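Note sheet for the following structure.
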Amino acid sequence: MWRVEEDDTEAMDWFWWTIIAALIWGFAPAIEKAGLTGTHPLAGLFYRCIGVMVGMLAIPLLVGFGRIRQVDVRSAVALAFGGFLASFLAQVAYYAALKTGEVSRVVPLSGSYQLVAFLVGILAFSEGVTPMKLAGMALILGGIWAMRAG
């Protein structure tokens, strides 16, 4: 049986994992928009979560139950709360926007969560502020303005 070892994820640098995630996240909204036609956003979220559950069932096969049991309670609660916020509450708002809005506007605007994450990183984790990070945040703010205006 094939298993994902910790070293497997570290074999590729963070940048390429990010690009893969962005490609998948960029493609998924088109499928979801098509699925939301004639569907209530909460019903859409229900069926989306079925897809998530199918994927979740594969995790113990890929990493083993031992890795799942090794997580401490504090980490498990933080991850579960983050999942509730991002994969439930934010997804409800996102699907409501996606159902009635244009994919080409909803997705970039909802992607501006990066600005919030930037600020949280600075305030909660004392991450450094660099000119390049500030330039990126300025571009995000400009993008928000452009999407709202046009």
Side-chain angles (χ1 to χ4, degrees), residues 1-37 39-101 103 105-130 132-141 143-144 147:
M1 173 170 49
W2 182 74
R3 291 187 96 115
V4 175
E5 297 299 326
E6 193 167 325
D7 293 347
D8 293 340
T9 58
E10 293 175 6
M12 189 166 41
D13 133 320
W14 66 268
F15 178 80
W16 293 109
W17 282 115
T18 305
I19 296 301
I20 290 169
L23 290 171
I24 294 167
W25 281 332
F27 184 71
I31 296 168
E32 293 171 328
K33 173 79 172 175
L36 286 169
T37 303
T39 304
H40 189 279
L42 288 176
L45 181 57
F46 175 83
Y47 284 101
R48 180 185 195 270
C49 289
I50 289 175
V52 171
M53 287 302 298
V54 169
M56 294 300 298
L57 293 174
I59 290 176
L61 300 174
L62 296 173
V63 299
F65 287 101
R67 295 259 173 129
I68 293 170
R69 288 188 298 247
Q70 288 175 346
V71 176
D72 62 274
V73 173
R74 182 179 175 272
S75 295
V77 169
L79 292 166
F81 185 61
F84 177 76
L85 290 175
S87 296
F88 181 72
L89 291 182
Q91 199 71 37
V92 168
Y94 171 72
Y95 270 15
L98 192 59
K99 181 173 175 65
T100 57
V103 171
R105 293 178 83 186
V106 170
V107 175
L109 280 171
S110 66
S112 65
Y113 69 86
Q114 299 159 359
L115 179 63
V116 176
F118 170 75
L119 295 172
V120 170
I122 292 167
L123 297 172
F125 298 109
S126 302
E127 294 179 358
V129 178
T130 66
M132 292 302 286
K133 287 181 183 180
L134 289 174
M137 293 308 107
L139 290 170
I140 289 172
L141 288 170
I144 292 169
M147 287 293 181

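Values in this document were obtained by computation on a predicted structure and should not be read as measured data.
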Distance-minimising heavy-atom pair for [X] and [Y]:
{"X": "A96", "Y": "T100", "value": "O-OG1, 3.4 Å"}
{"X": "L36", "Y": "P41", "value": "CD2-CA, 4.1 Å"}
{"X": "A90", "Y": "A86", "value": "CB-O, 3.6 Å"}
{"X": "V103", "Y": "P29", "value": "CG1-CB, 4.2 Å"}
{"X": "H40", "Y": "L42", "value": "ND1-N, 3.0 Å"}

Set of residues satisfying side-chain contact (heavy atoms from CB on, under 4.5 Å) with respect to [X], sequence neighbours excluded:
{"X": "F84", "answer": "F88, L89"}
{"X": "L79", "answer": "none"}
{"X": "T37", "answer": "none"}
{"X": "M56", "answer": "V52, I59"}

- Query: Going by heavy atoms in the side chains, are V107 and Y94 under 4.5 Å from each other?
  - Reply: yes
- Message: With heavy-atom distances below 4.5 Å as the criterion, would you say the side chains of L134 and T130 are in contact?
- Response: no
- Task: With sequence neighbours excluded, give me every side-chain hydrogen bond (donor to acceptor under 3.5 Å, both in side chains) pair touching residues 18-36.
- Result: E32-R48, E32-Y95
- Task: Not counting sequence neighbours, list each pair that qualifies as a side-chain hydrogen bond (donor to acceptor under 3.5 Å, both in side chains) and has a residue in residues 68-88.
- Result: D72-S75
- Query: From S112 OG over to I140 CD1, what is the distance, rounded to the nearest 0.5 angstrom?
  - Reply: 7.5 Å
- Message: Just verifying a value: how many Å separate L45 CG and I50 CD1, rounded to the nearest 0.5 Å?
- Response: 10.5 Å
- Item | Pairs satisfying salt bridge (Lys or Arg N to Asp or Glu O under 4.0 Å), at least one member in residues 83-99, at least two apart | none
- Query: Who passes side chain to side chain donor-acceptor pair (under 3.5 Å) against S126, sequence neighbours left out?
  - Reply: none
- For Q91, the side chain to side chain donor-acceptor pair (under 3.5 Å) test, sequence neighbours excluded, returns none
Return a table of donor-acceptor pairs under 3.5 angstrom between the side chains of residues 117-124 and protein atoms on other chains or two or more places apart.
none

- Message: Please evaluate residues F27 and I24 with respect to the criterion side chain to side chain contact (heavy atoms under 4.5 Å, CB included), reporting the C-alpha separation (whole Å), side-chain torsions for both, the decisive distance (0.1 Å), and the verdict.
- Response: CA-CA 5 Å; F27 184 71; I24 294 167; 5.9 Å; no
